Colleague: 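This structure is in structure tokens; I'll ask about it shortly.
Letters A, B, ... mirror the listed sequences (proteins, then strands); counts begin at 1. It should be emphasised that the depicted structure is a prediction, and the values quoted were computed from it without experimental measurement.
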Amino acid sequence: MLDLRQIREKTDEVRDGFARLGVAVDLDAVLALDERVRRLKNESQTIAAEQNKLSKDIARAPSPEAREAAKAVGAALRQKIEGLVAALGVAEGELETKLLELPNLPHPSVPVGKDDGDNKIVREEGVKRSFSFAPVPHWDFGAQAGIIDFDRGVKVSGSRFYLLKGWGARLQRALISLMLDLHTQKHGYTEILPPFMVRRESLVGTGNLPKFGDNLYRDAEEDFWFIPTAEVPVTNMYRDEILDGADLPIKHVAYSACFRREQMAAGRDTRGIKRGHQFDKVELVKFVRPETSLDELTGLLADAEDVLKVLELPYRVVQMCTGDLSFSAMVKFDLELWAPGCNEWLEVSSCSNFGEFQARRAKIRFKDGKGSGKDGGKDKTRFVHTLNGSGLALPRTLIGVLETYQRADGKLDLPVALRPYFGGDEVVG
RNA sequence: GGAGAGAUGGCCGAGUGGUCGAAGGCGCAUGAUUGGAAAUCAUGUGUACCGAAAGGUACCGAGGGUUCGAAUCCCUCUCUCUCCUCCA
């Protein structure tokens, strides 16, 4: 959510931001509503002050007659206030709805562009493996090795479901462990195992609702929502809290299953395990001081990249242009690994700096000062900046490993980093 | 799922219709005291919004109601705890 004050006082900057995003936003409607809200608030509060004063006078009981007369005046005032407050409520609701649907503004450093064709490839890391045979895509390799069962996945759950079997399942579990171990032991993140179902408010906090509800699964009876990413429960851990500035940055890493409808993408990426309704992911989430957030994003990206480095998988870093930024992001970088079997770059991580956009929605703030943070109110309470990134998404990382380390005989050479999770074995299959 | 109890400021905890934004304690901040610290004493200590300011408004889990006036009375909901039931 954007700062209403910013919209009011720096309207041109905001307008310019939306122009760079390439989205049409009726800012004048927002400003008019804001005007109306403040006017109604002032009017009702003025009368409320009058009313409060009157009530106190009644308590001091001048005479029974005077009291009755004052009561009548009070009743009239109440009527007036009720009318104004009702109008205020409506106006505030409209304003809130509009604000919740405004996307975040891009950081000035983000390259302007129309769509993903204008994204900027920042750099390429690692060396693509050269094969002495023609590498096969993971769907063939996995089926032949008996570790990915597409047919039974569809039988059990429907299209876009599969199941992993034998050493394939173990490989995925090993990858999850490797990522969690790396981020907790080497990069200093605290591990969280979050709920995979959340309540509605949590999704509003991260920006998934109200706008993107049709990509989510939910249990209508209980109004429980299945998380599309661990970002949702982990970011909302600190919803409505005022954190101690001394505790920042807070760094969390969380494994979770993720659930997405992918309605829009029907027919795309249908082969293999690239895109499903359910997938595993290890997610990195940071809560930081505003002035450090750009540097923290660089660090987060490096932490995610480290997984690919440790697995010795070639990848590239892509910066999203303004036209391809997600709703909540201010800056965003993707990591794409090279899949030699499918012969394409696959997005395995998306690292974003949300600025205070999510923090404002979820009311995640911090304050400097020792102990309880109540130090005489000298330090201002401010919104934190939130960041997150995959570290990494499992199915596509699995694709990278399977396609890069495949052998002509249908077995798999294990990357050195994974061997401890297989009792030291160098080959599986 | 059934029965009961509860939800007050950073924490503990008082408060059953007006002088309560809320006693008291803890914690914290500042000052005094000290060679330094502890202890002690004094003062101060919520959030948000409106306003240039003075000041005002709202908030005692959430939402509604009664009343001139609600932390206090009524209704609905949410959450927590205890017991039973069920269950990985």
Colleague: Provide the distance between the two P atoms, one in A71(B) and one in G64(B), to the nearest whole Å.
Modeller: 15 Å
Colleague: Please measure how far the P atom in U8(B) lies from the corresponding atom in C81(B), and state the result in whole Å.
Modeller: 14 Å
Colleague: Could you tell me which nucleotide pairs with A37(B) by Watson-Crick or G-U wobble geometry, both distances under 3.5 Å, or answer none if nothing does?
Modeller: none
Colleague: Quick one: which protein N/O atoms are closer than 3.5 Å to N/O atoms of nucleotides 50-55 of chain B? Pair and distance per line, please.
Modeller:
residue : atom : partner : partner atom : Å
C50(B)  : OP2  : R5(A)   : NH2          : 3.3
C50(B)  : O2'  : N42(A)  : OD1          : 2.4
C50(B)  : O2'  : N42(A)  : ND2          : 3.1
G51(B)  : OP1  : R38(A)  : NH1          : 3.4

Colleague: Distance check, P atoms only: A70(B) and U57(B), in whole angstrom units.
Modeller: 13 Å
Colleague: If you round to the nearest 0.5 Å, how far is CZ of F366(A) from CD1 of I250(A)?
Modeller: 11.0 Å
Colleague: Within the 3.5 Å criterion, strictly below it, is a donor on D306(A) or H187(A) matched to an acceptor on the partner's side chain?
Modeller: yes
Colleague: Just name whichever nucleotide pairs with A53(B), Watson-Crick or G-U, keeping both distances under 3.5 Å, else none.
Modeller: none
Colleague: Say you pick atom P in G46(B) and the same atom in G10(B); how far apart are they, in whole Å?
Modeller: 9 Å
Colleague: Please report the distance separating the C1' of A7(B) from the corresponding atom of A14(B), rounded so that it comes out in whole Å.
Modeller: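 To the nearest whole Å, 15 Å.
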Colleague: Any chance CZ of F224(A) has more than 12 other-residue heavy atoms, nucleotides or ligands included, within less than 6.0 Å?
Modeller: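 Result for CZ/F224(A): open.
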Colleague: Applying the ring-ring contact (aromatic ring centres under 6.0 Å, His included) criterion to F287(A), which one of F354(A), F383(A), Y238(A) satisfies it?
Modeller: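 With F287(A) as partner, F354(A), F383(A), Y238(A) yield a single ring-ring contact (aromatic ring centres under 6.0 Å, His included), made by Y238(A).
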Colleague: What's the closest nucleotide to the side chain of R365(A) if the choices are G56(B), G69(B), U47(B)?
Modeller: U47(B)
Colleague: Using the P atom as the reference point in each nucleotide, state the distance between A58(B) and A5(B) in Å, no decimals.
Modeller: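 Going atom to atom, P in each nucleotide, I get 33 Å.
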